[in-house]
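Read through the structure below, which is laid out as C-alpha cells, and then see the notes.
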2 protein chains.
Amino acid sequence: MPKVGMRDTRRQQLITATMESIAELGMQNTTIVSISRRAGLSSGIIGHYFGGKQGLIEAALRYLLEQLGKELKERIARTDGSPEQRLKCIVEANFSDFQQTEMAAKTWLSFWARSMHEPGLQRLQQINNARLYSNLRYAFAARLPPEAATAAARQTASMIDGFWLRSALSKDPAEGFAEAQTLCKRFALSTLNSGSH
Amino acid sequence: MPKVGMRDTRRQQLITATMESIAELGMQNTTIVSISRRAGLSSGIIGHYFGGKQGLIEAALRYLLEQLGKELKERIARTDGSPEQRLKCIVEANFSDFQQTEMAAKTWLSFWARSMHEPGLQRLQQINNARLYSNLRYAFAARLPPEAATAAARQTASMIDGFWLRSALSKDPAEGFAEAQTLCKRFALSTLNSGSH
DNA sequence: TTTTATTAATTGAACGTTCAATTAAAAAAT
DNA sequence: ATTTTTTAATTGAACGTTCAATTAATAAAA
C-alpha cells in the first residue's frame, strides 16, 4: 500500500489530528480511533509510529512547545535587544495566531491538567514555565534591581498565563485574546519603567 | 423509617472522596470505585445519591465554588468597605488555606480543563470567572475611571488565576501560593492608587 | 530487462481490561 | 412490617494494544 519515506508526514498528520480531537472532543473523549479517523488512517498506525497513545500525546505536547519556542526566537531575531522589544516579543509569541487557534488553546489546557498526574508531561510543562519566567526576568533585569525584576517577571508570567487561561475558557476566545495581549504589554512595559520616577 | 440524616453525611463524604481521588489519581484515573473506596462505601451508592458519576463530579465543583464564595463573604463582612480592604479580601479568599490544599488546587484545574467540553461544568465555571471579575471591578471603580477600572480588574483577575495555575503546577505549591498572594496584592493595591500622581 | 526477494507501511480484527450503570438482595432503622 | 440505606455481583459497552496479513516500493538476482 504505502510509499516509502512517509514517516515524517504521517507523524505530523497524527499530531495534528490529536490536537483536533482534543480540541473538539476533549482529552476525555479522545481515543486512538477518534484520532486516526481524523487523520484518515487506521488505528494501528499509532502504535507503529508512536509506540502507543501515550507516546502520541507526548509528541503532540512537544510539538506545541516547539512552536512556541520557534515563534519567540523568530520575533526576537527581528528586533534590537532592548528590554521593551524583548517584552513585546515574549507577549506576542505567547498570543500568536497559532496559539490562539481553538485547537492549540484547548490542547494546551488539557495538557496542563493532565501534566499534574503524568511525569512525562509534567517535565515538559515545567520546562515551558521556567522558560517563560526566565525570558521575562532577563528583560526586566536590564532596568530593574534584581528583586524587583524577579517580582515583575513572576507577575507578568502569571498575567500572561491567566489571561490565556481565561480567554481559552471564555465563550468568545478571539475577543479575549486580543485584549489580553494589549493589557499584558501595558503592564509589562509600565513595570519595566516603574523605576524612573 | 431509615437512619435519618444520612443523606447529607454521605453526600459530603462522597464529594470529599471525589476531590481526594482527583487530586491523587487525576480526573483520568478517577472511577466510581476509586471514589467510593476512599469514602469507605460501595460504588452503587454514587448512583443512589448523585444519579451517577457525572452528577457527583458536578456536585464537587459546586462545592468548591460554594467554599470560595463563602470565604469571600466572611472576609468582606469583617472589614470596612474600603476598596483596599475589598481587594485584599478578594485576593486572600482566592488563596485561602482550603484553596491551597493539593486536593482543592488539583481538582480546580481538572475541572477547568473538563469544563471546555461539558456544558454543565462550563456554566459553573463561567459564573465563577464573572464573579471574580465583577468583584474586582467594583473595588477598582471606587477610585479609577470606568475604563481604567475595567482594565485593572481584568489584569488582576488574570494575575490571580495565572499565579494560581502556576502554583498548582509547580513542584512546591505551598511556596508558590505564598508569594502569589503577596504579589497579587501588591499589584492590585498599587494599581488602585495609580491615579494619584 | 524481467523476475524474485526484501523491506517498509498499513490495515483491521481479536483480545483482555476497565469502567459506569443496573439490580436484586441484605441490613438497618423506624 | 415497612421503608430506606447499602452492598455486591453482573452486564455490556468502550478502550488500547497487539499482531498476522496485505500491499507497495525498492533492491537484488537472473
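Predicted model, so just to flag it, every value in this text is computed and none were measured. Just so it is clear: chains get the letters A, B, ... in the order the sequence lines come, proteins before strands, and each one is counted from 1. Quick note: numbers below take in every heavy atom, side chains included, and nothing from hydrogens, waters or symmetry partners.
Residues from residues 110-123 of chain A that place a heavy atom under 4.0 Å from any atom of DNA chain D: there are none. For DNA chain D, the residues of residues 20-34 of chain A within the heavy-atom distance limit of 4.0 Å (strictly under) are A/Thr30, A/Thr31, A/Ile32, sorted by number. The stretch residues 36-64 of chain B comes close to DNA chain D through B/Gly40, B/Leu41, B/Ser42, B/Gly44, B/Ile45, B/His48, B/Tyr49, each having a heavy atom under 4.0 Å from the strand.
The shortest distance between the side-chain N/O atoms of B/Arg10 and the OP1/OP2 oxygens of D/dT6 is below 4.0 Å.
What separates CZ of B/Arg7 from P of D/dT5 is a distance of 8 Å, to the nearest Å. In this structure, A/Gln13 atom CD and C/dT10 atom C1' are separated by 12 Å, rounded to whole Å.
For the pairing with A/Thr16, the side chain to side chain donor-acceptor pair (under 3.5 Å) check across A/Gln13, A/Glu20, A/Gln12 returns one residue only, A/Gln12.
With sequence neighbours left out, A/Asp97 forms a side-chain contact (heavy atoms from CB on, under 4.5 Å) with no residue at all. A/Phe111 is linked by a ring-ring contact (aromatic ring centres under 6.0 Å, His included) to nothing, counting only residues two or more places apart in sequence or in another chain. Annotation: salt bridge (Lys or Arg N to Asp or Glu O under 4.0 Å) contacts of A/Glu175 (sequence neighbours excluded): none. Remark: A/Arg86 pairs with no residue by the salt bridge (Lys or Arg N to Asp or Glu O under 4.0 Å) rule, at least two apart or across chains. Residues forming a salt bridge (Lys or Arg N to Asp or Glu O under 4.0 Å) with B/Arg131 (at least two apart in sequence, or on another chain): none. Every side-chain contact (heavy atoms from CB on, under 4.5 Å) that A/Thr31 has, sequence neighbours left out, goes to A/Val33, A/Ser34. Considering only residues two or more places apart in sequence or on other chains, A/Lys53 meets the salt bridge (Lys or Arg N to Asp or Glu O under 4.0 Å) condition with none of them.
At a threshold of 4.0 Å, the pair B/Glu24-B/Lys106 does not count as salt-bridged, since none of the basic side-chain nitrogens sits closer than that to a carboxylate oxygen. The residues A/Glu71 and A/Arg75 are annotated as salt-bridged, a charged nitrogen and a carboxylate oxygen being separated by less than 4.0 angstrom.
Counting only residues at least two apart or in different chains, side chain to side chain donor-acceptor pair (under 3.5 Å) contacts with residues 137-148 of chain B comprise B/Glu84-B/Arg143, B/Arg137-B/Thr150, B/Arg143-B/Asn193.
Fit an axis to the five pairs at each end of the helix from C/dT1-D/dA30 to C/dT30-D/dA1 and the two axes sit 10° apart, to the nearest 10 degrees.
Taking the six-membered ring for Trp and thresholds of 30 and 60 degrees, B/Phe177 and B/Phe95 have ring planes more than 60 degrees apart, a perpendicular arrangement. Using cut-offs of 30° and 60° on the angle between ring planes, the pair A/Trp112 and A/Trp164 is tilted.
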